[in-house]
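Computation of the quantities below employed the complete heavy-atom set of this structure, encompassing side-chain atoms and omitting hydrogens, waters and symmetry-equivalent molecules.
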Amino acid sequence: MPDLIALLEDTRSIGDGIANQGNMNNSDAIIIGAGPAGIACAASMVAHGLHAKVLEKANTIGSVWRRHYDHLHLHTDRNHSGLPGMVMPRTYPTYPSREQVVEYLENYAAHFRIQPTFNANVLKIARDGLHWRVDTDNASFSSPVVVIATGWADFPYRPSWPGSDTFQGNLIHSSEYRNATPYIGKRVLVVGFGNSGGEIALDLANARIDTTLAVRGPVQILPRDLLGIPILNWAIAQKSLPTGVVDFINAPVIRLAVGPMERFGLKRAAKGPRRMIEEDGRVPLLDVGTLARIRDGSIGVRGGIDRFTPDGVVFSDQAVQKFDAVILATGFRPDLRELLPNVNGVLSREGKPLVTGRATNERGLYFCGLVASATGQLREIGLEARRISELAGQYVKAHRK
Ligand SMILES: Cc1cc2nc3c(=O)[nH]c(=O)nc-3n(C[C@H](O)[C@H](O)[C@H](O)COP(=O)(O)OP(=O)(O)OC[C@H]3O[C@@H](n4cnc5c(N)ncnc54)[C@H](O)[C@@H]3O)c2cc1C
């Protein structure tokens, strides 16, 4: 990954000060969000001589990582999860914990002297001549460049089924799950077989909780490490190869590494992992033990849900099962239409950015993060932040003339 290493090396020097805290009307750029994407952009902009103001609706850096579930660890390795200009410490394990990610984000912001304006909830962004006007709940800001780094945590996708409003048990989205304690002695259904669903089911099963996974369709499972090497390394090494070729050559190796799954109620998807990410935005399960728990019977597997009953669920094969709690690990669907009500040509019909990390149809407006990536989203966020800062630097320079 020489490109990334070079990138990290050559931005190391930008730690000597980020002046995003001056006069608010003087900033070259406004960055919305102080998660990994927002602070990566703020740090990278210094290298391009830009003064960025970061607006964050919470009162801390990395607020979303603070509320993820307790046992969460990165499933991308630390060497590929650091942001531009500051690698994750070597004292961290290969797959850092949630607390370590939070600590890293705090240290990153401190190192680059990023001081966001907290409790600034951005409600609307609108074109205002050559500038962008950014309205929060209590102030307005103006700048030639706006970077939207708001992540997708605010957009949990909660599908509904017939009868789901009559369910008497506890029904939550995976983003609300913290740990297994409230579920001890209960029967829990986890809906969805992405990384959140797989890991929450594992967390519950490890606490000896009666756990079932509802898996609607065919799945892709990858080992987190292959031949002792993080799977992300393989994905990065193959990045320049065509998707069809990558999925074709990897299929037998993955099959061998993951082992048979059909007899445990899981169907292997015909679509390869990389195509699945690119076409459907679905990241395959990077297995950290879920499959072993399915094999030893600690996690039951069922098909899709047909309907809810007051005390459980009827599955698509009409099997009826009682549950005390249902956890929807059904992902997120970001929709930024409310934030950009009068800006055309940058969002899909559903409100997702058409491009992230690149120039959009609107001069000075960029999105960072917000898409799933086969090569790790944090890594991708770092690369996007560098690209956006370069584009923003050129744009502001031209703007100043
Ligand atoms: C459970 C989970 C595990 C993950 N694990 C990995 C992993 O192992 N490796 C990996 O590479 N990626 C992982 N990701 C994906 C991704 O890296 C993270 O979601 C990452 O936090 C995205 O960073 P972000 O800055 O884009 O968004 P966020 O971290 O969501 O930060 C966005 C920030 O914007 C703020 N904000 C939002 N709206 C507004 C507004 N209107 N006004 C002001 N502020 C606003 C929010 O408060 C928040 O602080 C994981 C994601 C999840 C959900």
Check whether any side-chain N or O of T76 sits under 3.5 Å from a backbone N or O of H80 as a donor-acceptor pair, and report yes or no. no
Count the heavy atoms belonging to other residues, nucleotides or ligands that lie under 6.0 Å from CZ of R178, then report whether that count exceeds 12. yes
Assign the ring pair H68 / W65 to parallel, tilted or perpendicular, where the plane angle (0 to 90°) is split at 30° and 60°. perpendicular
Donor on one side chain, acceptor on other, T117 and K53, under 3.5 Å: yes
Within the distance-only criterion (no hydrogens, no angle test), does the side chain of H48 pair as donor or acceptor with the backbone N or O of L391 below 3.5 angstrom? no
Would you find more than 12 non-hydrogen atoms of other residues, nucleotides or ligands less than 6.0 Å from R98 atom CZ? yes
Output yes when D280 and K271 qualify as a salt bridge under the 4.0 Å nitrogen-oxygen rule, no when they do not. yes
For W234, run the side-chain contact (heavy atoms from CB on, under 4.5 Å) check against N250, L227, T375 and tell me which one passes. L227
R127 bridged to E362 by N-O distance under 4.0 Å: yes
Charged tip of R333 within 45° of W152 ring normal and under 6.0 Å: no
Answer whether the closest heavy-atom distance between the side chains of S97 and Q100 falls below 4.5 Å. yes
Quick one: are D70 and D203 in side-chain contact, heavy atoms under 4.5 Å? no
May I ask you to decide if L291's main-chain N or O and D287's side chain share a donor-acceptor pair within less than 3.5 Å? yes
Side chains of R293 and L202, heavy atoms from C-beta outward: is any pair under 4.5 Å? yes
Which of N119, D154, T136, D137 passes side chain to side chain donor-acceptor pair (under 3.5 Å) with K57? Answer is D154
Begin from the C-alpha positions of Y69 and N179 and carry the test side chain to side chain contact (heavy atoms under 4.5 Å, CB included) through to its verdict. CA-CA 6 Å; Y69 50 93; N179 56 54; over 6 Å; no
Assess whether atom CZ of R387 is packed by more than 12 heavy atoms of other residues, nucleotides or ligands within 6.0 Å. yes
Is a side-chain donor or acceptor of E56 paired with a backbone partner of A34 at a separation under 3.5 angstrom? yes
Step through the shown structure and confirm whether more than 12 heavy atoms of other residues, nucleotides or ligands are within 6.0 Å of CD on Q318. yes
Is a side-chain N or O of S81 found less than 3.5 angstrom from the main chain of D77, in a donor-acceptor match? yes
Determine, for E176 against R158, whether the closest basic-nitrogen to carboxylate-oxygen distance falls under 4.0 angstrom. yes
Validate the cation-pi geometry between R224 and Y95: distance from NZ or CZ to the six-membered ring centre under 6.0 Å, angle to the ring axis within 45°. yes
Could you tell me if the side chain of Y104 sits less than 4.5 Å from the side chain of M86, heavy atoms only? yes
H73 and Y92 aromatic centres sub-6.0 Å: no
Lys/Arg-Asp/Glu bridge criterion (N-O < 4.0 Å) met for D311, K322: yes
Short side-chain to backbone donor-acceptor contact, T360 and V346, under 3.5 Å: no
So, the side chain of D324 versus the backbone of R187: is there a donor-acceptor pair under 3.5 Å, distance only? yes
Hey, what's the ring geometry for F308 with W161, parallel, tilted or perpendicular (30° and 60° as the breaks)? tilted
So, T166 side chain and G163 main chain: donor-acceptor pair closer than 3.5 Å or not? yes
N-O pairing of E99 and R66 below 4.0 Å: no
Heavy atoms, side chains only, cut-off 4.5 Å: are W132 and V343 in contact? yes
So, using side chain to side chain donor-acceptor pair (under 3.5 Å) as the criterion, who are the partners of R78 when residues are at least two apart? none
NZ/NE/NH1/NH2 to OD/OE distance under 4.0 Å, R274 and D247: no
If you define the side chain from C-beta out and look only at heavy atoms, does anything of L285 sit under 4.5 Å from F193? yes
